[in-house]
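Only a predicted model underlies this, so the values are computations on that prediction, with no experimental measurement involved.
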Amino acid sequence: MKLANAAISSAVDRPDPDRLFYLFYGPDESGSRALAHRLLHSLGAEKFAVSGSSVREDPASLADEAGAMALFGGPRVIWIEPAGDEISDGVANLMTAPSVESPVIAIGGALRKTSSLVKLAESHPRAAAAASYVPEGANANRMVVELGRAEGLSIAPDVAERISEAAGGNRAIIASELGKYGLFLDAEPGKLRELDHGTLDLLGADSSESDLGKLGDFAMVGNGRDLLDELQKGILASSDTVSVAKAMLRRLMQVASLRSRVDAGERADGVMASMGKALFFKDKDTVGAMLRNWDSARIAALVDRTAKLERDLMLSDQPEVALLGDELVTIARAARARR
């Protein structure tokens with residue numbers, strides 16, 4: 001079944017118990033992931049990760065895994081990310097399985113309408129497909145207000161615009177930030193609290209000072225010396241690596257939004273000056289350097305590379321700290337070459 005925009009919220013918040021397969025795809029991968037996590041929460045299930053490559057090599061394994069009882073009891077969801085046409089045969093087998101204990105969620109990227117996986121998910125009555133697109137302009141601001149209301153936050157239009165621009169319209173980043181603000185303000189849906197610029201400034205300062213944020217910034221401006229100094233301090237734990245990648249994506253989305261204005265004809269200095277309080281003052285040198293050194297094509301390539309890094313960190317059996325450190329050094333060298 002192809003889910004229209006109006007039906008998506010109902011499908012993930014009140015899931016059909018007869019549905020076996022969900023495909024969330026489209027250019028807004030963070031939006032797809034956010035919908036998948038909402039569904040996971042609605043099902044009250046634990047995530048059990050399966051790789052797309054293993055399904056490709058053994059299509060019958062997906063139905064077998066979905067039909068197996070959870071080792072420790074309780075509901076679970078089979079989670080495949082990233083997913084593409086390589087799992088189509090496995091999903092087809094799932095649809096004809098005699099018994100399924102666990103539904104399957106797949107996170108795809110910008111799959112084409114001709115994708116065999118998209119066609120299967122849209123056409124089968126026990127499957128669902130939802131496409132996510134990056135919201136822009138007024139739609140992005142409305143999204144911030146709606147996500148904020150779910151956290152118990154009352155957000156004025158100018159505050160919503162600031163949050164949206166800072167996150168580059170990235171739904172996952174916005175949701176994460178709003179959760180942080182809601183916790184700070186002791187907000188909940190039945191007890192609305194106003195989110196103002198003062199709170200953004202306060203928590204933005206905390207965020208900019210974090211060691212995890214510094215690592216990505218050092219790499220992306222080509223500051224190899226400080227990057228290596230931080231890595232050699234051993235402050236980075238395996239549990240922190242995904243947070244570093246997420247912080248990098250947030251920064252890249254912020255710079256991409258500003259870079260689009262430069263590409264439209266504005267001067268970089270003027271763009272930076274126009275940010276005012278929307279950009280924490282200690283971040284201005286970093287953002288300005290990235291704006292000068294990275295053009296839109298290279299920012300887009302780095303976003304893709306960092307998103308892949310995030311996925312690899314979540315799924316890799318390698319030592320995560322070493323994997324992240326190697327990638328940060330590679331990015332720093334590339335950034336230094338652009339100076």
Side-chain angles (χ1 to χ4, degrees), residues 12 15 19-26 28-95 97 99-111 115 117-118 120-121 127-130 132 171-173 175-176 237-246 249 304-324 327:
V12 299
R19 191 158 284 156
L20 304 180
F21 179 69
Y22 295 85
L23 173 64
F24 299 104
Y25 73 102
D28 183 11
E29 287 192 42
S30 67
S32 294
R33 197 173 295 112
L35 289 171
H37 278 287
R38 278 173 61 184
L39 174 60
L40 187 69
H41 176 76
S42 298
L43 292 168
E46 293 187 0
K47 179 167 61 175
F48 182 83
V50 170
S51 69
S53 59
S54 67
V55 177
R56 180 190 62 223
E57 293 167 5
D58 182 9
S61 66
L62 183 59
D64 291 342
E65 194 62 64
M69 294 291 292
L71 184 60
F72 299 106
R76 67 172 185 162
V77 160
I78 310 302
W79 186 286
I80 307 175
E81 181 184 4
D85 288 346
E86 74 278 359
I87 71 168
S88 294
D89 289 343
V91 174
N93 284 335
L94 174 72
M95 294 295 102
S99 176
V100 174
E101 294 287 336
S102 306
V104 176
I105 293 176
I107 310 295
L111 300 176
S115 159
L117 185 61
V118 172
L120 176 57
S132 296
R171 185 190 303 264
I173 293 174
S176 176
S238 294
S239 58
D240 295 328
T241 55
V242 173
S243 296
V244 174
K246 289 183 181 296
L249 283 171
D304 289 342
R305 184 175 185 129
T306 305
K308 180 180 182 301
L309 171 64
E310 180 187 3
R311 292 193 295 267
D312 290 345
L313 290 169
M314 289 189 291
L315 302 174
S316 176
D317 293 328
Q318 302 179 45
E320 291 88 350
V321 173
L323 178 63
L324 176 63
E327 184 66 15

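- The closest side-chain heavy-atom distance from Leu20 to Met95 is below 4.5 Å.
- Residue Ala92 comes nearest to Leu120 through the heavy atom pair N-CD2, 3.7 Å, listed as atom of the first residue, atom of the second, then distance.
- Asp85 contributes atom CG, which lies 6.5 Å from atom CG of Leu111 (distance to the nearest 0.5 angstrom).
- Using a 4.5 Å heavy-atom cutoff, the side chains of Asn93 and Leu62 are not in contact.
- Among residues two or more places apart in sequence or in another chain, the side-chain hydrogen bond (donor to acceptor under 3.5 Å, both in side chains) test is passed with Lys308 by Asp312.
- Every side chain to side chain contact (heavy atoms under 4.5 Å, CB included) that Leu40 has, sequence neighbours left out, goes to His37, Ala45, Lys47, Val77, Trp79.
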Begin from the C-alpha positions of Val100 and Phe21 and carry the test side-chain contact (heavy atoms from CB on, under 4.5 Å) through to its verdict. CA-CA 11 Å; Val100 174; Phe21 179 69; over 6 Å; no
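- Residues Ala127 and Arg19 come closest through the heavy atom pair O-NE, 3.9 Å.
- Of all heavy-atom pairs between Gly44 and Pro75, the closest is O-CG, 3.2 Å.
- Rounding to the nearest 0.5 Å gives a distance of 10.0 Å between OG of Ser102 and CG of Leu94.
- When all heavy atoms of Gly31 and Ser132 are compared, the pair lying nearest together is C-OG, 3.7 Å.
- Taking the side chain to side chain contact (heavy atoms under 4.5 Å, CB included) definition, one finds that Ser53 meets it with Ser51, Arg56, sequence neighbours left out.
- Taking OG1 from Thr241 and NZ from Lys246, the interatomic distance works out to 10.5 Å, rounded to the nearest 0.5 Å.
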Applying side-chain contact (heavy atoms from CB on, under 4.5 Å), run through Val104 and Val91 and close with a yes or a no. CA-CA 9 Å; Val104 176; Val91 174; 5.8 Å; no
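- Shortest non-hydrogen contact noted between Glu29 and Gly108 is CG-O, 4.3 Å.
- Nearest heavy atom pair, residue Ala66 against residue Ile78, reads CA-CG1, 4.1 Å.
- The side-chain contact (heavy atoms from CB on, under 4.5 Å) test with Ser32 singles out one residue from Ile107, Ile105, Leu23, and that residue is Ile107.
- The CZ atom of Arg311 sits 10.5 Å away from atom OG1 of Thr306, with the distance rounded to the nearest 0.5 Å.
- Looking at heavy atoms from C-beta onward, Ser115 lies out of side-chain contact with Tyr25 at the 4.5 angstrom threshold.
- Rounded to the nearest 0.5 angstrom, Asp304 CG and Leu309 CG are separated by 12.5 Å.
- Note: Glu65 CD to Glu101 CD = 12.0 Å, rounded to the nearest 0.5 Å.
- With hydrogens and angles disregarded, no donor-acceptor distance shorter than 3.5 Å links the side chain of Ser99 to the backbone of Gly67.
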